[in-house]
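For reference, the structure is listed below as structure tokens.
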Amino acid sequence: MAQQNHIRFLLNDTEITVEGAKATLTLLDYLRLERRLTGTKEGCAEGDCGACTVLVGRLANGVLRYETVNACIRFLASLNGCHIVTIEHLRGEGGALHPVQQAMVDFHGSQCGFCTPGIVMSLYALWMENSDPSVGQVETALQGNLCRCTGYEPIIKAALAVGAYGSPARDALSVERETIAATLNGMQATGRIVAGPQDDMAILPVDAADLAAVLGEYPEATIVAGATDVGLWVTKFLKPISPVVFINHLEELKTIDLSADMLSIGAGVTYSEAENVIREALPHLSEYWDRIAGWQVRNMGTIGGNIANGSPIGDTPPVLISLGARITLQSMEGAREVPLEAYFIDYGKQDRKAGEFVSAIHIPRPKANQIDAAYKISKRRDEDISAVAVGISVTVDAAQITGARIAYGGMAATPKRAAKAEDALVGAAWSAAAFDAAARALAEDFAPLSDWRASAEYRLLVAGNLLRRFHLEHDAAHEGPARLAAV
């Protein structure tokens, strides 16, 4: 198989080739230090504040799609065959300001100005997708951009007005789309990419079979999809992670298959890519999905990565465990399928053998008599890590609870089912008393820790109250038994 030691990409309107790109070189450092494109700012260096927001265009099944990303935690080596767009590339007609920039000026959307370039890039991406957004859509687009001057009102007004300043159809990224797509298509690797020195090596396998082969050669490698977590290992903890195997470009890991009874999602599917099918197949997760990080992180982070990472406070494992999800683990030796709950063994320990990677997640669709919910408690409502997260799935027949699957995050060393609470519900009549008993049983299921996100006492209290909330929200104004008997 042909192998290359360089990556190629388009930076604004310039074709770039980087020889020997180090695995841990971030896009932000490359832009600011090597290209002197200093409009992209470093704020938090952890993908939280959005000051470093840029657009990345990539080909997906031949279609060019642009997304906002956090340059501070996106590694340059992962961007082979992509189009990187920074604020310096924005321009209006005849040398004027870009419509988004002009709206920000006219509506006084910039205060200290430090976060402004990142905000402009997020609003640029929104305008390209929707030139007449609602307030809610603007707020969603800005979830990942923190304005320390608290000046969101004029920013939102500017976003709502951009459509009057110009049409996305006349923007350079629209006018030149076919040419850009052709350029990117010519940059796609035809073989494995291995770049960087031995202690900072980046490997981009050519396909899923090559990924298995790479992991057979380097079983200790760090697998990176969106880098929304691994990026912090580098920027905050200076952790050595070489060799790094980047997989965000592998189309075989981006499949979505929806049938009458099952939703199967490739491990490389991002939160944003899964959004529409989640709303269709698992509508109870719609609001929960919107609260997973901010727009930039949802564009980068993958469901498979959230699972494979094994964090006890990951957003997706509790809700997927409650639905009875299973995962496929793949290696050179073949594939095996395990229940998601069995994948998590202990803190930092998962049932993933050397050379294996998570390739797909399989989620049963809810049955007619199944009631599901997902809740997340965090210090900040949007773009924050969970203190407690829970997925609840209860089956009810003739006003009696016949099945229960309840899984929590943030309550133990791993995402974990609440077995005693489930036992308290199964066989009981649908009632407040049953859910009170389940809430009390949580003390037998968990002994949570105290940390800066929440105390152990708070976690146990809120975990029980979320069960009571589930009952109240689904009790149809306290007529639950009569309604559920007719299900």
Pairs satisfying ring pair (Phe, Tyr, Trp, His ring centres under 6.0 Å), at least one member in [range], at least two apart:
| range | result |
| --- | --- |
| residues 295-349 | none |
| residues 205-240 | none |
| residues 121-144 | His98-Tyr124, His98-Trp127 |

message: Less than 6.0 angstrom separating the ring centers of Trp430 and His471, yes or no?
response: yes

Just by distance, with hydrogens left out, do [X] and [Y] show a side-chain donor and acceptor under 3.5 Å apart?
| X | Y | value |
| --- | --- | --- |
| Asp290 | Gln143 | no |
| Asn369 | Thr395 | no |
| Arg365 | Ser259 | no |
| Glu473 | Tyr375 | yes |
| Thr53 | Gln296 | yes |

Output the distance between atom [atom1] ([X]) and atom [atom2] ([Y]), rounded to the nearest 0.5 Å.
| X | Y | atom1 | atom2 | value |
| --- | --- | --- | --- | --- |
| Ile292 | Asp384 | CD1 | CG | 13.0 Å |
| Phe246 | Thr222 | CZ | OG1 | 9.5 Å |
| Leu123 | Asn145 | CG | CG | 7.5 Å |
| Ile119 | Ile155 | CD1 | CD1 | 3.5 Å |
| Asn306 | Thr316 | CG | OG1 | 3.5 Å |
| Leu27 | Thr86 | CG | OG1 | 9.5 Å |

field: Derivation and outcome, salt bridge (Lys or Arg N to Asp or Glu O under 4.0 Å), residues Glu67 and Arg58
entry: CA-CA 8 Å; Glu67 298 173 317; Arg58 58 183 177 83; 3.4 Å; yes

Is a donor on one side and an acceptor on the other found under 3.5 Å between the side chain of [X] and the backbone of [Y]?
| X | Y | result |
| --- | --- | --- |
| Ser378 | Ile385 | no |
| Gln400 | Asp397 | no |
| Arg279 | Pro283 | no |
| Ser311 | Ile313 | yes |

task: Kindly determine whether Thr68 and Val54 satisfy side-chain contact (heavy atoms from CB on, under 4.5 Å), including the steps that lead there.
output: CA-CA 6 Å; Thr68 55; Val54 299; over 6 Å; no

Student check: side-chain heavy atoms of [X] and [Y] closer than 4.5 Å:
| X | Y | answer |
| --- | --- | --- |
| Gln370 | Pro364 | no |
| Met411 | Val388 | yes |
| Leu31 | Leu76 | no |
| Lys420 | Leu442 | no |
| Ile406 | Leu425 | yes |
| Leu320 | Ile303 | yes |
| Leu253 | Leu211 | yes |
| Pro317 | Glu341 | no |

field: side-chain contact (heavy atoms from CB on, under 4.5 Å) assessment of Asn70 paired with Met300
entry: CA-CA 8 Å; Asn70 293 120; Met300 294 169 59; 4.3 Å; yes

Between [X] and [Y] (salt bridge meaning N to carboxylate O under 4.0 Å), is one present in this structure?
| X | Y | answer |
| --- | --- | --- |
| Asp351 | Arg336 | yes |
| Arg291 | Glu287 | no |
| Arg380 | Asp48 | yes |
| Glu422 | Arg405 | no |

query: Relative to each other, are the rings of Tyr66 and His83 parallel, tilted or perpendicular (30° and 60° limits)?
result: perpendicular

For [X], look at atom [atom1] and say whether over 12 heavy atoms of other residues, nucleotides or ligands are found less than 6.0 Å away.
| X | atom1 | value |
| --- | --- | --- |
| Phe114 | CZ | yes |
| Lys41 | NZ | yes |
| Glu153 | CD | no |
| Lys349 | NZ | no |

task: Quick one: do Ile392 and Asp372 satisfy side-chain contact (heavy atoms from CB on, under 4.5 Å)? Show the steps, please.
output: CA-CA 6 Å; Ile392 304 171; Asp372 301 295; over 6 Å; no

Looking at every heavy atom in both [X] and [Y], which two are closest together, and how far apart are they?
| X | Y | value |
| --- | --- | --- |
| Gln350 | Gly348 | NE2-C, 3.5 Å |
| Leu258 | Ala281 | CD1-CB, 3.6 Å |
| Val206 | Ala189 | CG2-O, 4.3 Å |
| Glu457 | Ser450 | OE1-OG, 4.3 Å |
| Cys49 | Cys44 | N-SG, 3.3 Å |
| Ala374 | Leu285 | CB-CD2, 3.5 Å |

message: Does Ser242 form a side-chain hydrogen bond (donor to acceptor under 3.5 Å, both in side chains) with Asp200? I'd like the steps, not just the answer.
response: CA-CA 5 Å; Ser242 182; Asp200 205 356; 5.5 Å; no

query: Does Tyr152 have any ring pair (Phe, Tyr, Trp, His ring centres under 6.0 Å) partners at least two apart in sequence or in another chain, and if so, which?
result: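 None.
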
Under 3.5 Å, sequence neighbours excluded: what are the donor-acceptor pairs made by side chains of residues 325-335?
residue	atom	partner	partner atom	Å
Arg326	NE	Glu337	OE2	2.9
Thr328	OG1	His362	NE2	2.7
Ser331	OG	Glu333	N	3.1

message: Before you tell me yes or no, could you show the steps for Val234 and Lys239 under side-chain contact (heavy atoms from CB on, under 4.5 Å), namely the whole-Å CA-CA distance, both residues' side-chain angles and the distance that decides it to 0.1 Å?
response: CA-CA 5 Å; Val234 173; Lys239 180 180 177 179; 6.0 Å; no

Expected list for residues 459-467: side-chain donor-acceptor pairs under 3.5 angstrom, two or more places apart:
residue	atom	partner	partner atom	Å
Arg459	NE	Ala387	O	3.1
Arg459	NE	Gly410	O	3.0
Arg459	NH1	Leu449	O	2.8
Arg459	NH1	Asp451	OD1	3.2
Arg459	NH1	Ala454	O	2.9
Arg459	NH2	Asp451	OD1	3.1
Arg459	NH2	Asp451	OD2	3.2
Asn465	OD1	Arg468	NH1	3.0

